[in-house]
Amino acid sequence: MNKKVIIRTLEKIALYMELKGENPFKVSAFRKAAQALELDQRSLSEIEDVTKLKGIGKGTGDVILELMDSGKSSVLEELKEEVPKGLIPLMKLQGLGGKKIAKLYKELGIDSAEALKQACIDHNIQKLPGFGPKSEDKILKELMEFDSKPGRHPIWKTAEAVAAINEILEGITEVSEFSVAGSYRRTKETSKDLDFIVATSQPSIVKEQLLAALPVQETIASGDTKVSVTVEFQDPIDIDFRLVASEEFVTALHHFTGSKDHNVKMRQLAKSQNKKISEYGVEQEDGSIKTFNSEEDFFAHFGLPFIPPSVREDGRETDRIEELPELVSIEDIISDLHMHTVWSDGAHSLKEMIDACRSRNYEYMVITDHSQYLKVANGLTPERLLEQNGQIRELNKEYDDIEVLSGTEMDILPDASLDFDDEVLKQLDFVIASIHSSFQQPQEQIMERIHTAMKNPYVHMIAHPTGRIVGQRSGYDPDVEQLLDWASEYGKIVELNASPYRLDLAVEFLEMAQEKGVPVAINTDAHAIDQLEVMAIGVRHAQKAWLKRDNVVNTWPLEKFKAYLKK
DNA sequence: GCCGTTTTCGGCCCGACTGTTTTCAGTCG
């Protein structure tokens, strides 16, 4: 039995129990059991006794054992008899939870979205105790928009919204300090909404100014400390602003940066020290509230080093603090191995890219323009490539503060051949191989193409290994585990493409790469000078996989890098 | 339902906002 199926079943049981109005702690016990399984790296067969896992006891353990045994869960089946299936999707509606939905079912027999809609139209909802005209209105509106609402927003879209909001907040003089928080600050690849913490002594003025400056589509909530709006930038997106006093800024920022699991862990830790964390500060044993000047101080108060937002995810980060000093950080990055110039589809010249990298204090860099197959990108023929190679070698002599290496981003063609002959490749310092075409091929063909590149002794790195675009396309679906095994076998580097459009490899695969000892290069794939900045996003994405500095190629000194290429 | 070198019973993270109430439950993050 698949572990994922068991996890989903436990979560489903929790959901049904919620709809049945079960004790909320019992409900969360099933969620915790699901999480315990999820967080355990081992496969089911490797776990000797599931009930030994923290969070799994007799009740949830029995469910798991039954599932492993028979593939069924009698607990879930009984619940399904009591609770109609049509209630499940209603949980997604804003403002409706288990209890209210249970009430709608018991009192009005509502068992589907369709029935709920009709009840709203017939004004039967507002007659129920606990509901009123406003609830009825809201539910109907939610139901109408249900299908049109986008789920999660990819980071490359939210980045634009964040930039626009930052600009607005900078322009409000009553704002003393502000920061984006939430999943965006944790560099999740998608976000459901955006959170901002705004420090001010005049919340009502700031609130007014904000609402006036934003393209507000709808106001969801508007209290003294919280403003929730749906804003229409490119797509509609929900944004929460928390207006707090200056001294509360740090604890509010920590609280609303999350994740939820991280906060739960921190609060448990605080409790064990007889303290209490809230967004307003840390309540001490004597009842006084302590506030902080920085998140560093906040963590230090609990005896912890600063935990970067990017790793505040599943709550286990507080147990991994000894790994933090080894975690790759932006200061460690001394090179970028993948970028384009006007020779192919880039916006800037060789010299301009070199100067931009010098101003970032890189010790070395590689120019990697596209190869001839990619006609739309003005890919280089062998002749042009060798001409560029010559120019790079000349230019490199002019600088003593940076080493400019000559490379290519060579296409792996649909027929599993490579775009350049070995005779050409051997003249280059660094060869990237990547797939830009025929994404729809069956996995065996895709893997054959990748295998060709892996086997070639002159290829050093596979770029954007899955070809995905975050939140838009899933790429060409390679068998990543096989790909990493080959990389390990043939001594190749895999790329973490830092472009927020790609973030390819994804976090789970980066973890896998590190486990297998495959070195990762974080590269910007910059097509213009300003895109060199996405290195910071890539590094934070790498942190989410707990990549160690030593496993990241572009933290290596030039000599070590060159030695690796030679072997 | 799960957990426990203070505990086998009594907790389980904490607080704001809304819409309903007339002091609060439900929902959300």
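So you know, we letter chains A, B, ... as the sequences are listed, proteins then strands, and number each from 1. Note that the structure is predicted; figures quoted are calculated from it, not measured.
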(message) Judged by each residue's nearest nucleotide on DNA chain B, which is more toward the 5′ side, Lys138(A) or Ile56(A)?
(response) Ile56(A)

(request) Output the single nucleotide from dG29(B), dC12(B), dC13(B) whose closest atom is nearest the side chain of Arg267(A). (result) dC13(B)

(message) Does a side-chain N or O of Thr225(A) approach OP1 or OP2 of dC17(B) to a distance below 4.0 Å, or not?
(response) yes

(message) Using the side-chain heavy atoms of His255(A), tell me which of these nucleotides is nearest: dT27(B), dG29(B), dT20(B).
(response) dG29(B)

(request) Could you tell me which nucleotide pairs with dT8(B) by Watson-Crick or G-U wobble geometry, both distances under 3.5 Å, or answer none if nothing does? (result) none

(request) Calculate the interatomic distance between Phe131(A) atom CZ and dT21(B) atom P; express it in whole Å. (result) 11 Å

(message) From the set dG29(B), dG26(B), dT18(B), return the single nucleotide nearest to any side-chain atom of Ala221(A).
(response) dT18(B)

(message) Which nucleotide wins on minimum distance to the side chain of Gln268(A), given the candidates dG1(B), dC14(B), dC13(B)?
(response) dC13(B)

(request) Measure from CD on Glu18(A) to C1' on dG1(B) and round the result to the nearest Å. (result) 15 Å

(message) Checking contacts here: which listed nucleotide (dG1(B), dT20(B), dG29(B)) is nearest the side-chain heavy atoms of Arg242(A)?
(response) dG29(B)

(request) State whether a side-chain donor-acceptor pair under 3.5 Å links Thr257(A) with Arg185(A). (result) yes

(message) I need the CG-P distance between Leu243(A) and dG15(B), as an integer number of Å.
(response) 19 Å

(request) Please state the P separation for the pair dC12(B) and dC17(B) - nearest whole angstrom. (result) 23 Å

(request) Name the closest nucleotide to the Lys134(A) side chain, picking from dT20(B), dG15(B), dC3(B). (result) dT20(B)

(request) Measure the distance from CZ on Phe256(A) to P on dA16(B) and round it to the nearest whole Å. (result) 9 Å

(message) If I take atom CG in residue Leu10(A) and atom C1' in nucleotide dC2(B), what distance separates them, rounded to the nearest angstrom?
(response) 14 Å

(request) Scan Ser28(A) against the nucleic acid and name what it touches under 4.0 Å (heavy atoms): base, sugar-phosphate only, or nothing. (result) nothing

(request) Counting heavy atoms from C-beta on, name the nucleotide in dC13(B), dC2(B), dT27(B) closest to the side chain of Ala29(A). (result) dC2(B)

(message) By nearest atom, which of the nucleotides dT20(B), dT27(B), dG1(B) is closest to the Lys100(A) side chain?
(response) dT27(B)

(message) dA16(B), OP1 or OP2 - any side-chain N/O from Tyr280(A) closer than 4.0 Å?
(response) yes

(message) Can you confirm whether or not the ring centre of His254(A) sits under 6.0 Å from the ring centre of Phe299(A)?
(response) yes

(request) Determine, for Phe131(A) and Lys100(A), whether the Lys NZ or Arg CZ falls below 6.0 Å from the six-membered ring centre while staying within 45 degrees of the axis. (result) yes

(request) Please check the phosphate of dC2(B) (OP1 and OP2 only) for any side-chain N or O of Thr60(A) closer than 4.0 Å. (result) yes

(request) In whole angstrom, give me the gap between the P atoms of dG15(B) and dT21(B). (result) 27 Å

(request) Please confirm whether the backbone N or O of Val227(A) pairs with a side-chain atom of Ser222(A), one donor and one acceptor, at under 3.5 Å? (result) no

(message) Is dT7(B) syn or anti, taking syn as a glycosidic angle within 90° of 0?
(response) syn

(message) As a test of understanding, state which of Ile522(A), Val507(A), Val552(A), Leu505(A) forms a side-chain contact (heavy atoms from CB on, under 4.5 Å) with Leu496(A).
(response) Ile522(A)

(request) Please state the P separation for the pair dC3(B) and dC13(B) - nearest whole angstrom. (result) 14 Å

(message) Closer than 3.5 angstrom, by distance alone: can the side chain of Trp156(A) be matched with the main-chain N or O of Val470(A) as a donor-acceptor pair?
(response) yes

(request) Mind calculating the distance between CG (Leu90(A)) and P (dT27(B)) to the nearest angstrom? (result) 12 Å

(request) Could you tell me whether Lys20(A) and Glu78(A) have a side-chain N and a carboxylate O separated by less than 4.0 Å? (result) no

(request) Can you tell me, in whole Å, how much space there is between the P of dG26(B) and that of dT20(B)? (result) 14 Å

(request) May I have the distance from Lys271(A) (atom NZ) to dT6(B) (atom P), rounded to whole angstrom? (result) 15 Å

(message) Measure NZ/Lys226(A) against C1'/dC28(B) and give the value in whole Å, please.
(response) 6 Å

(message) If you compare every side-chain N and O of Ser228(A) against the phosphate oxygens of dC17(B) (OP1, OP2), does one of them come in below 4.0 Å?
(response) no

(request) Using the C1' atom as the reference point in each nucleotide, state the distance between dT8(B) and dC2(B) in Å, no decimals. (result) 12 Å

(request) On DNA chain B, check which nucleotide each of Asn274(A) and Gly55(A) is closest to and give me the residue with the more 5' one. (result) Gly55(A)

(message) Nearest to the side chain of Lys54(A), heavy atoms from C-beta on, is which of dG4(B), dT20(B), dC2(B)?
(response) dG4(B)

(request) Taking only the side-chain heavy atoms of Lys192(A) (C-beta and beyond), determine which of dG29(B), dG26(B), dG15(B) contains the nearest atom. (result) dG29(B)

